[in-house]
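Accompanying notes for the structure given below.
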Amino acid sequence: MKITHYCNSFIVVEAGDTIFACDPWIGLEDQNAWATYPIHKDNGELLQRIDPDAIYISHLHFDHFDRKTLVTLANKDVRFVIKTYRDHRLAGRIRELGFTTVDECEPWTEIEISSDLSVTIVPQDTNNVAGFDADIVYDLDTSIIIRDRRTNEIFYNNVDNPLSVDGFGKVRAYCLEHFGKGVGICCVPVGAASEFPQCFPKLDRVSEGRRIVNDALENFKRRMDALKPEAYFFAGGSYVVYGKFGCLNQYIAQPSMDELERFVDENLDMQFIHPEGGRSLTKQGDSWVMSDDFDGARFASRAEAIAAYKDLAYDYKVVNYTVDEIRDLFAKARENYFRVLDRMKVEMRWIIDFIVYDDLLLTEKGDIDPACEPVLKITLGPHGAPEIIQHLVCHLDSSLFGRLLAGDHIWNQSISGTHIIYEREPNVFMPDVPSSLNFLKA
């Protein structure tokens, strides 16, 4: 088995003559302010050069299902492997790109890719890593177990799946029962891959980020203790913020690779490797060995990537909306919002204010530029007078808000990325509050 990690969750596994690609993403993420690092956006033909036999797409987020990268493939008969979802949206969107072979697979079932390789899709068992209660739950994320059928080497790719500690134990138990051995190597993200804390300027983002990293490391240890892999590398949730909000990069809550390696060395009995950037791993004896024959473009440092991406415009800026158009869209979206909440029997116990700007700008410290004047404020509040559990404020551009309300932009991408600047009281993550915004569209 040969494992090559390019960026984020873009990983290629080779076994014998079989090439299996996971979540190929290169360049700028659609509908978010994220860009790939250390792989440069100029590697647009990389997937075509790899020419995979099959592709796994873990979920719908555009840093995993990247349409721009996928359409570079000439082979429209390439096999896609995804989980069977009730709404079949992911399968439909893959077919919309012109691909003809989409296997929707049941979870916890070994799927033969070839005589060399098999995979098993692992479903999510919770909707957030911290285990917060939620009434609005999406069946979104998956992980994958990849097995070299010739050597019985097992690779577990967790992707963004917020799998519980018990879920990691279940992965190990599955491998022992079905393959007679545990996981040889795995990749799991550590730290935040979301809007918090960088998009919350009213908070002490440095201390909040440190708290998140510390909590993430302890949770990572519990998960690895349950999985017991022989080796580990970091993958998933790796990006830089591009464009006018690039100043937020300084607050992203992820450990450095040096810190993560020290933590593994001091707390876990497994090999730590860091192949991101197109480097490859192969098993030699009892250890994984890294090689580097990548001939594409990659950044030498995070600072270089941030500088290269800083002047790029956001994709939503192509359409402008007047205040009256936004008010009309909001009125229709509000009706749909409550219709969905009523159908789900979810009571709205929060207030969301939208502060809208022609061009929202930030200072070098990542605060809202005091020269920016809002053009509109709209409040989304509950029916009646329930006890309010949270007040959320969203600062955003009018062109983005209009596209979100019109359904031309996906709320789930923007609320968990870097297009919206937030305030919240109390400062507690309540999943239902941002998740409900997915229903706010005309």
Side-chain angles (χ1 to χ4, degrees), residues 29-32 59-62 64-65 85-93 124 126-128 132-141 160 162 194-196 199 315-316 319 321 325-356 376-425 428-442:
E29 183 185 2
D30 287 346
Q31 304 194 10
N32 203 342
H59 62 294
L60 270 169
H61 283 167
F62 291 150
H64 301 269
F65 170 58
Y85 293 98
R86 284 178 298 179
D87 59 13
H88 305 286
R89 275 191 303 164
L90 179 54
R93 290 183 182 176
Q124 68 181 67
T126 181
N127 77 328
N128 61 88
F132 289 104
D133 291 334
D135 292 320
I136 301 172
V137 178
Y138 292 100
D139 178 23
L140 177 70
D141 288 292
D160 289 352
S194 66
E195 73 284 3
F196 192 87
C199 293
D315 55 4
Y316 61 74
V319 178
Y321 290 85
E325 288 172 333
I326 289 176
R327 289 188 188 278
D328 288 344
L329 285 168
F330 181 80
K332 298 172 184 176
R334 186 179 182 277
E335 290 183 11
N336 288 331
Y337 179 87
F338 283 109
R339 186 179 300 117
V340 175
L341 290 186
D342 289 344
R343 187 173 69 241
M344 297 178 68
K345 295 181 170 53
V346 173
E347 181 185 22
M348 184 185 186
R349 295 190 296 140
W350 50 85
I351 295 172
I352 304 176
D353 285 332
F354 301 96
I355 313 297
V356 185
L376 179 66
K377 176 182 175 180
I378 292 183
T379 297
L380 180 64
H383 296 308
E387 179 186 2
I388 300 300
I389 61 171
Q390 189 167 69
H391 183 188
L392 181 69
V393 181
C394 303
H395 299 263
L396 71 170
D397 283 340
S398 58
S399 50
L400 173 60
F401 195 35
R403 287 183 63 81
L404 289 166
L405 293 173
D408 296 325
H409 234 64
I410 298 172
W411 275 105
N412 198 250
Q413 292 290 143
S414 291
I415 61 178
S416 61
T418 322
H419 276 160
I420 302 174
I421 304 301
Y422 297 96
E423 303 170 49
R424 68 184 179 195
E425 180 63 39
V428 178
F429 176 51
M430 298 181 181
D432 286 343
V433 181
S435 292
S436 73
L437 287 174
N438 288 289
F439 312 136
L440 187 66
K441 54 186 177 180

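Pairs engaging residues 378-394 under the side-chain hydrogen bond (donor to acceptor under 3.5 Å, both in side chains) rule: Asp353-Thr379, Asp353-His391 [sequence neighbours left out].
Within the model, atoms CG of Asp432 and CG of Leu437 stand 11.5 Å from one another, a figure rounded to the nearest 0.5 Å. Taking CG of Leu90 as the start and OH of Tyr85 as the end, the distance is 6.0 Å to the nearest 0.5 Å. Residue Phe439 holds its CZ atom at 12.0 Å from CE of Met348, rounded to the nearest 0.5 Å. In this structure, CZ in Phe354 is found 10.5 Å from CG in Leu376, a value given to the nearest 0.5 Å. With rounding to the nearest 0.5 angstrom, the OG atom of Ser398 is 9.0 Å from the OH atom of Tyr316. Within the model, atoms CG of Asp397 and CZ of Arg403 stand 12.5 Å from one another, a figure rounded to the nearest 0.5 Å.
Taking the side chain as every heavy atom from C-beta outward, Ile378 and Ile326 approach each other to under 4.5 Å. Between Leu396 and Leu404 the shortest side-chain heavy-atom distance falls below 4.5 Å.
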Atom pairs and distances, side-chain donor-acceptor, residues 327-336, under 3.5 Å, sequence neighbours left out:
residue: Asn336; atom: OD1; partner: Arg339; partner atom: NH1; Å: 2.3
residue: Asn336; atom: ND2; partner: Lys441; partner atom: O; Å: 2.8

Show me, pair by pair, the donor-acceptor contacts under 3.5 angstrom made by side chains of residues 417-424, not counting sequence neighbours?
residue: Thr418; atom: OG1; partner: Trp34; partner atom: NE1; Å: 2.9
residue: Tyr422; atom: OH; partner: Ile415; partner atom: O; Å: 2.9
residue: Glu423; atom: OE1; partner: Lys202; partner atom: NZ; Å: 3.3
residue: Glu423; atom: OE2; partner: His395; partner atom: NE2; Å: 2.7
residue: Arg424; atom: NE; partner: Asn427; partner atom: OD1; Å: 3.0
residue: Arg424; atom: NH2; partner: Asn427; partner atom: OD1; Å: 3.1

message: Walk me through whether Ser414 and His409 qualify under side chain to side chain contact (heavy atoms under 4.5 Å, CB included).
response: CA-CA 8 Å; Ser414 291; His409 234 64; 3.7 Å; yes
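Every residue two or more places apart in sequence or in another chain that forms a side chain to side chain contact (heavy atoms under 4.5 Å, CB included) with Arg93 is listed here: Leu60, Phe65, Arg89, Glu96, Ile410. Qualifying side chain to side chain contact (heavy atoms under 4.5 Å, CB included) partners for Glu347, counting only residues two or more places apart in sequence or in other chains: Arg349, Pro386. By the side chain to side chain contact (heavy atoms under 4.5 Å, CB included) test, Glu325 pairs with Tyr321, Thr322, sequence neighbours left out. Contacts of Asp30 classified as salt bridge (charged side-chain N to carboxylate O under 4.0 Å, His left out), with partners at least two apart in sequence or in another chain: Arg67, Lys68. With sequence neighbours left out, Asn32 forms a side chain to side chain donor-acceptor pair (under 3.5 Å) with Glu29.
Closest of all the heavy-atom pairs between Asp141 and Gln124 is N-OE1, 2.7 Å. When every heavy atom of Ser436 is checked against every heavy atom of Trp350, the shortest pair comes out as OG-NE1, 3.5 Å. Closest of all the heavy-atom pairs between Pro434 and Phe429 is CG-CE1, 4.2 Å.
Counting only N and O atoms by type, the side chains of His61 and Asp160 include no donor and acceptor under 3.5 Å apart.
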